[in-house]
Each structure stands twice: as C-alpha cells, then as structure tokens.
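Being a predicted model, the structure only gives us computed values, none of them experimental. A, B, ... follow the sequence lines: proteins, then strands. Residue 1 opens every chain.
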2 protein chains.
Amino acid sequence: MARKAASVNRKEELVSAAVDVFAEIGYYRATTAKVAERAGISQPYVFRFFATKEDLLTEALSVSWQRMTEAFRAVIDRAGADTLEEELVEAYVGIMEKHRSEILLQMQAQTIGEPRIVETMRSGFREVRTMVEEAFGRAGIADPKRRTLLFLARGMLCNISMSLDLPELMEEENV
Amino acid sequence: MARKAASVNRKEELVSAAVDVFAEIGYYRATTAKVAERAGISQPYVFRFFATKEDLLTEALSVSWQRMTEAFRAVIDRAGADTLEEELVEAYVGIMEKHRSEILLQMQAQTIGEPRIVETMRSGFREVRTMVEEAFGRAGIADPKRRTLLFLARGMLCNISMSLDLPELMEEENV
DNA sequence: TTGACTTGTAATTGATCAATCACTAATTAA
DNA sequence: TTAATTAGTGATTGATCAATTACAAGTCAA
C-alpha cells in the first residue's frame with residue numbers, strides 16, 4: 001500500500017501547487033508546466049492525475065471549500081452562543097491569512113463561467129450559508145437569515161480588501 | 001471635424017464591445033479578434049486605438065467606474081437625507097441590471113494582478129467609498145464610516161449573487 | 001492633381017500551451 | 001527470473017492568439 005499512499009500525496013501536492021500558481025498569476029495565465037514545476041513533477045504527468053486543466057481547477061476549488069466548511073464546522077461545534085459570530089469571523093480571517101491563495105482562487109472562480117466551476121462555487125456558497133444560518137438560529141441570534149447575509153457580505157468585502165490591498169475596507173472598529 | 005467625431009465613436013464602440021466580450025467569456029479567453037468582430041472592425045485595427053490588449057482592458061474598466069461614480073453622484077446631488085442610502089442601493093441595482101457586463105468585468109479585475117489594473121480598481125473603489133461616506137456624513141447618518149462599509153459589503157454580495165445566480169443572497173427583506 | 005494624411009484590411013509571425021505519444025526505469029507478484 | 005504493472009519523462013503536435021507588416025482606398029489641403 002505504500003505505492004498508493006505515495007500517489008495520494010503526489011496528487012495532493014499537485015492540487016496544492018495548482019492552488020498557489022493559479023492564485024498567483026491567474027488560472028488562464030497559469031500553465032500546466034508551471035504547476036508541474038511547482039509540484040516537482042513533469043508537465044505531462046499532471047495529466048495522469050487530471051484529464052484536463054479544468055478538472056484540476058475543480059479539484060483545487062473543492063479542496064478550498066472543504067477547508068472553509070471544516071473550519072466553520074469546528075467553530076460551530078465548539079463556540080458558545082454569545083461568541084459564535086465573533087469566532088466565525090476569526091476563523092475566516094485565519095483562513096485568509098494562512099490560505100490566501102485559496103481565497104484568491106475562489107474569487108477568480110466567481111467569474112469563470114464554466115458550468116462545472118459555477119456549480120462548485122454555488123454548492124460551496126450554499127453549504128456555508130446554510131451551516132451559518134442554522135448555527136445562528138440554534139444560538140438564538142435574532143434574525144439569523146439577515147445576520148448570515150451580513151456575515152457573508154462582510155466576508156466578500158474582506159476578500160477585496162485583501163486582493164486589492166485596501167486595508168481601509170477592513171477597519172476593525174467598523175465591523 | 002466629422003472625421004474626428006467618427007473616430008471617437010469607433011473607439012467608444014470598441015471599448016463597449018470589449019466590455020461585453022470580456023465579461024461574457026473572461027478577459028484572458030477573449031481574443032482581440034472576437035472583440036473586433038463584435039465592434040464591427042478588423043482585428044488589427046484594434047491596435048490602432050490601443051497599443052495592447054491590457055490598455056483596452058484598462059480603458060474598459062475606467063469607463064465602468066465612471067458610469068458608477070456618475071450614477072452615485074447624481075443620486076447624492078438629488079436625494080434627500082432620509083432616502084439617500086435607499087436610492088444609492090437602487091442606483092446600484094439599476095447598474096447591475098443595465099450594465100451587467102461592467103460589473104462582471106470589475107469582478108474579474110479584482111483578481112487580475114497586473115499593476116495598472118490593480119491601480120484602476122483601487123482608485124475606483126476609493127472614489128466610491130469617499131463619495132458615499134461624505135454624503136452619509138452630510139446627511140447626518142449615524143456612524144457614516146461603518147454604514148459606508150456595510151453598503152459596499154452588500155454591493156459585493158449582490159455581485160456574487162448575480163454572477164453565480166444565487167438569488168437567495170439578495171433577498172430584499174433581509175437588506 | 002498631386003502629395004500627404006487618414007482609415008482600414010489581409011496576411012503573417014513568433015510565441016505559447018494543453019494534451020498526446022512514445023518511451024524508460026522502477027516495483028511487484030508468480 | 002521473468003512478465004506485468006506502475007511511475008515517470010522527453011519530444012512533439014495542433015491550435016490559438018497578440019501583435020506586426022505591408023498594403024489599398026479614401027479624404028483633403030495647396
């Protein structure tokens with residue numbers, strides 16, 4: 001089974017390299033050769049793991065959404081009702097700091113019209129929204145639907161603040 | 001002077017075609033040939049108006065920001081203090097409906113790392129923010145800084161709602 | 001009316017890149 | 001040991017595209 005495990009690692013390294021390269025120079029400018037180089041493999045070998053470049057993007061996106069939902073899930077399972085929103089914001093900021101590339105990739109994917117990409121983004125968004133809304137409801141927070149949308153909206157503004165380097169959009173005292 | 005005026009029109013038509021084509025299939029997938037076809041001119045002729053494809057994108061972005069700031073300026077000059085925010089939201093929704101492509105282009109540009117694109121986006125964002133914040137201040141709205149950021153955040157969520165076709169992110173009753 | 005200028009295009013070029021092909025080297029199972 | 005499978009690469013291909021070149025037809029001023 002050592003073979004299999006090594007192969008899984010290779011694939012994970014490849015996806016992780018793809019996230020970074022796609023985020024740095026953009027999906028369409030990023031070449032499979034650059035991704036391969038970052039992953040330490042040859043360019044043709046990329047296509048042993050993913051049939052097309054778009055398949056690789058889809059997987060990279062899925063991984064980024066998984067990280068986000070898992071982080072939120074952990075907060076929801078642990079946080080008290082009074083600090084829930086605060087801790088969700090903290091978790092998101094944490095992801096933005098530690099996994100900047102994944103957020104930048106998601107931002108790109110917001111405008112890539114390919115049906116499979118759109119679907120991946122839609123389901124990611126829906127899952128986060130549902131999860132947060134239910135948690136807000138259970139925590140007895142007033143108007144959970146509205147609060148969830150505000151939470152998401154602030155997140156989207158944070159993204160832009162990061163990608164365009166406009167820190168004034170994230171002033172803590174105005175949250 | 002008829003020559004000059006016709007030339008200005010051609011250029012405007014070209015930029016407008018670029019906005020649409022870039023928005024539809026993405027800046028990097030959009031070819032100068034497709035933009036030219038949409039504008040009803042030949043592909044090489046594009047380069048008589050703009051030295052590079054990126055120059056064309058920069059101009060297209062500038063135009064889209066101008067439309068937005070002009071629309072907001074008109075509202076601010078006209079609206080009463082009590083309906084200011086409401087009317088600004090209306091104006092934004094109007095742009096999203098009538099000039100969907102321009103919003104989609106701005107969303108793309110949020111993650112295009114090219115320095116001149118970043119700078120165009122930054123100055124557009126700053127101008128809108130400053131304009132709205134000052135108007136909120138003059139209108140005696142409480143906490144104008146915070147309200148402006150909320151206004152922008154909601155706008156960014158609207159964008160995503162449109163581009164990913166997730167109408168539940170824009171439920172009127174939760175605004 | 002001729003020469004300079006403007007408007008416009010067809011054809012080409014040089015680069016780039018996703019994907020395929022043809023192959024070698026290592027690993028494993030019998 | 002050997003046959004089959006797996007891991008991995010170099011070389012190539014076919015397509016695409018931004019940008020250039022070289023040219024033609026119209027316009028206008030002297």
Does B:F125 have any ring-ring contact (aromatic ring centres under 6.0 Å, His included) partners at least two apart in sequence or in another chain, and if so, which?
B:W65
Under 3.5 Å, which donor-acceptor pairs do the side chains of residues 88-97 of chain A form with other protein atoms, sequence neighbours left out?
from: A:Y92; atom 1: OH; to: A:N159; atom 2: OD1; distance (Å): 2.6
from: A:Y92; atom 1: OH; to: A:N159; atom 2: ND2; distance (Å): 3.3

Among C:dT7, C:dA22, D:dT21, which nucleotide has an atom closest to any side-chain atom of B:Y45?
C:dT7
Go through C:dT20, C:dA19, C:dA11 for me and flag the one nearest to the A:K53 side chain.
C:dA19
For a 4.5 angstrom cut-off between non-hydrogen side-chain atoms, does B:K98 reach B:R67?
no
Tell me every residue that passes ring-ring contact (aromatic ring centres under 6.0 Å, His included) with B:F136, counting only those two or more places apart in sequence or in another chain.
none
Short of 4.0 Å, heavy atom to strand atom, which residues of residues 55-63 of chain A count as contacting DNA chain C?
none
Flag side-chain contact, heavy atom, 4.5 Å: A:E127 against A:M68
no
Starting at CG of B:N9 and ending at P of C:dT7, how long is that distance when rounded to a whole Å?
13 Å
Return the CD1 to CG distance between B:I160 and B:L166, rounded to the nearest 0.5 Å.
9.0 Å
To the nearest Å, how far apart are B:Q43 CD and D:dT16 P?
15 Å
Take atom CD1 of B:I41 and atom P of C:dA10, then tell me their distance rounded to the nearest Å.
12 Å
Should the pair A:R78-A:E87 be classified as a salt bridge under the 4.0 Å nitrogen-to-oxygen rule?
yes
Residues two or more places apart in sequence or in another chain: which of them pass ring-ring contact (aromatic ring centres under 6.0 Å, His included) with A:F49?
A:Y45
Interatomic distance, B:Y28 OH vs C:dC17 C1' [rounded to whole Å]
16 Å
Looking at residues 30-37 of chain B, who's got a heavy atom less than 4.0 Å off DNA chain C?
none
Assign each of B:T52 and A:P44 the nucleotide of DNA chain D bearing its closest heavy atom; nearer the 5' end lies the nucleotide of A:P44
Electrostatic pair A:R38:A:E24 at N-O distance under 4.0 angstrom
yes
Does OP1 or OP2 of D:dG8 have a side-chain N or O of A:R10 closer than 4.0 Å?
yes
Expressed as a whole number of angstroms, how long is the span from B:L14:CG to C:dT9:P?
12 Å
What's the CZ-C1' distance between A:F50 and C:dC17, to the nearest Å?
19 Å
CZ of B:F47 versus C1' of C:dA10: gap in Å, rounded?
15 Å
Of the candidate nucleotides D:dA18, C:dT9, D:dA7, which contains the atom at the shortest distance from the side chain of A:R48?
D:dA7
